[in-house]
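First the proteins, then the strands, lettered A, B, ... as listed; each starts at 1.
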Number of protein chains: 2
Amino acid sequence: MKNEDDPKDKRLKPGDAQKLTMAEVAKYVGVSAMTVSRAFRQDASVSEETRKRIMEAVDALGYVLDLSAGSLSSRRSGFIAALVPSINNSNFSDTARGMTDALQNTGLQLLLGYTDYSAEKEEELIEAMLRRRPEGIILTGGSHTARARRMLVKAGIPVVETWELPEDPINQVVGFSNSEAMSLLVRTLAGQGYRKFGYIGGTTARDTRGSQRRSGFQKTVEELGLGPGRMISFGVPPITMEQGGQAIVSLLERWPDTEVVLCVSDLSAFGAIMECTRRGMKVPRDIAVAGFGDYEISSICHPRITTINVDCYGIGRQAAARLLDTLHTGEATGDEITLTGYKVVLRESTDRNGAPTA
Amino acid sequence: MKNEDDPKDKRLKPGDAQKLTMAEVAKYVGVSAMTVSRAFRQDASVSEETRKRIMEAVDALGYVLDLSAGSLSSRRSGFIAALVPSINNSNFSDTARGMTDALQNTGLQLLLGYTDYSAEKEEELIEAMLRRRPEGIILTGGSHTARARRMLVKAGIPVVETWELPEDPINQVVGFSNSEAMSLLVRTLAGQGYRKFGYIGGTTARDTRGSQRRSGFQKTVEELGLGPGRMISFGVPPITMEQGGQAIVSLLERWPDTEVVLCVSDLSAFGAIMECTRRGMKVPRDIAVAGFGDYEISSICHPRITTINVDCYGIGRQAAARLLDTLHTGEATGDEITLTGYKVVLRESTDRNGAPTA
DNA sequence: CTGTTAGCGCGTTCAC
DNA sequence: GTGAACGCGCTAACAG
């Protein structure tokens, strides 16, 4: 913190300054600050010769551009805010990766936050993000507090909601119907002859995607005339593998004749299957289990787990791409919904032949 | 974008403005902008009465503080930069969560980037981060390009390197010796009577923690007089479960009498065990397997996996805490190393009794 | 407790 | 292709 040197010695030596400004670099090179500024932009009109000299000086002096100053002046922060429920869930981290990849070489940086599945925390985070003046914002899901919605609308930036199909979208949507996806899984398994369906999910209040999957399950089971599904809830998200194990135990105690159990997530399905194995039950011989999300584990474990494959990475990538479109077309783009695909992946854990090792 | 109203109508109506400034809020309330600014800070001396009026106006108008302007003026960005190799690895996302939690209520926000295990990408990211003028930066590992090191030193902000013990730390370190941790695992298993050790890891160039684990393994196996370890490499990081399965097949083809296989990560260990199961081998009856990292899966799967438990969350939390200390004590804190704990967790996958189901 | 003045380090805008 | 003046929205520093 102390200046050991003669404070009047203002000469600039390479490797000297800690907090260098553009003006100082400009003086060193013998141009104006504006020219240095231009040298940093792709398109700007600076002679190759001048740019080269400037960049050499930048290197020699170790100057680093100050974007916070630049964005104040240009009124473009260079940020895109993104909120996901949990960073520890590989489905969402795949989505975050998709967003980051889509933002590559756009000069935009992702400002990532996680809401812990809480609408209140989401509201706080939205406010914190908006204070950084992001040029767009990507949210997970369509449930937000009234104040959050107000802030988002007022911010006047493009908003993309993902992973669901909100009834009343703020702006753009990139996602799929969790309810229909689960419904498809129920129908597929019913088509294979399963009749007695159980369901394992979290308490619904916080995880809106989870509750959509649950209602898709219930609705479909009833539509198929298979009576009310056998539902077991474990605690609040994030979903753990262990909860799946505990839940299937409860479920089988209560309804021992259950044929197939659908889980809100592959993670709980895996926990359930392992617990069954540990208790000497064979999956799918004694009970079939399916998950949701097609996590890596489901194609590796034994037995491999039937699930719904969701395009997590694509959701992120497309959400960012939609945002970029809107930004480039001058925010005039109409609100629109981009549907992302999902598909049933049938694997050993629901195999009717009960021959887990193929 | 168009202004439908009379542009001369400058009266401020609640819920009107998109881009409101502090000065406008101040005018609305009848105070100076500075007083509004003070009302937003915790410590600042503003009468409760005035603050209340200001905050009501802020609410009514929907004003959102502009931190980018504030940080230019205060010369404090409010950012902490953090770089992790991969966001899809739950060990690192636990670390990120630890950092975020430690930064709670400090007014500092995490700017997260992932390097994809590449020093070049890390260098790029460091530059991109420094352009935002972070007040501190947290890195994973101690291997950086020369230019990255130069930029970091020159930035004059506290740097914390994590997850390893670099030979030549830049500043502070929060981590543990990956080599010694792996060594401890080898010794523990050798103590149980295992003699023929195999090792499965990635190609070493990019993943420095992986190569430290590998060398800890090799060194220790030789020290114990158990000859050179049987090493199999799979591709570049990130580590997948599938690679573990492929690797153990190669390893057993080449050295069929291997008794125990140590893996660079629980993820490859899990893949290896599942592949063995699929091929009709029992773990640990036919071969014992251990991992590294104590991922959730290892305590759930069947058989449960012996591993090294690492305090991932604590690494993040302490790294951020050290940074905060340094920031508060005026950056005068000496460089120091904070060791984080690790411990061997013995589970079924290396049980000498070979009774996987307890 | 509150107001005034003067920048923070850039980019915009308009000259040349 | 380059430069000068000005201002982005806020806060530090000082005054009262």
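- Rounded to a whole Å, the CZ atom of R76(B) is 18 Å from the P atom of dC10(D).
- Judged by atom type and distance alone, R38(B) reaches the base of dG3(C) through a side-chain donor-acceptor pair under 3.5 Å.
- For R131(A) and D66(B), the salt-bridge test fails: no basic side-chain N is under 4.0 Å from an acidic carboxylate O.
- We find that CZ of R132(B) is positioned 17 Å from P of dG9(C), with the value rounded to whole Å.
- Within 3.5 Å, no donor on the side chain of T35(A) pairs with an acceptor on the base of dG1(D), nor the reverse.
- Remark: of the listed residues R150(B), E123(B), E124(B), E120(B), E123(B) is the sole one forming a side-chain hydrogen bond (donor to acceptor under 3.5 Å, both in side chains) with T145(B).
- The interatomic distance linking R133(A) (CZ) with dG9(D) (P) rounds to 9 Å, in whole Å.
- Following rounding to the nearest Å, L72(B) (CG) and dC10(C) (C1') show an atom-to-atom distance of 8 Å.
- Taking the six-membered ring where the residue is Trp, F79(B) and F79(A) present tilted rings, their angle falling between 30° and 60°.
- Across all their heavy atoms, L83(B) and E122(B) have their closest contact at CD2-CG, 3.9 Å.
- Mapping A69(B) and A33(B) onto DNA chain C via the closest heavy atom, the residue that lands nearer the 5' end is A33(B).
- When the side-chain nitrogen and oxygen atoms of R75(B) are compared with OP1 and OP2 of dC10(D), none of them lie within a distance under 4.0 Å.
- Dashed line: the shortest gap from a side-chain N or O of S47(A) to OP1 or OP2 of dT2(D) is under 4.0 Å.
- Between dG9(C) and Y63(A), no contact under 4.0 Å exists linking OP1 or OP2 to a side-chain N or O.
- Smallest separation of non-hydrogen atoms from S93(A) and I87(B): CB-O, 3.5 Å.
- In terms of polar N and O atoms assigned as donor or acceptor, the side chain of T21(B) never comes within less than 3.5 Å of the base of dG9(D) in a complementary pairing.
- Evaluation of atom-type donor-acceptor distances gives a pair under 3.5 Å for the side chain of S73(B) against the base of dT11(D).
- Rounded to an integer number of Å, the gap from M22(B) CE to dC8(C) P is 19 Å.
- For the pair R41(B) CZ and dT2(C) P, the interatomic distance rounds to 16 Å; values are reported in whole Å.
- As judged by a 4.0 angstrom heavy-atom cut-off over every strand, M34(A) is placed among the base-contacting residues.
- At the phosphate of dC10(D), neither OP1 nor OP2 sits under 4.0 Å from any side-chain N or O atom of S74(B).
- Rounded to an integer number of Å, the gap from D66(B) CG to dT11(D) P is 9 Å.
- Summarising the geometry, the separation between CG on L65(A) and P on dC10(C) is reported as 7 Å, rounded to the nearest angstrom.
- When the side-chain nitrogen and oxygen atoms of T50(B) are compared with OP1 and OP2 of dT2(C), one or more of them lie within a distance under 4.0 Å.
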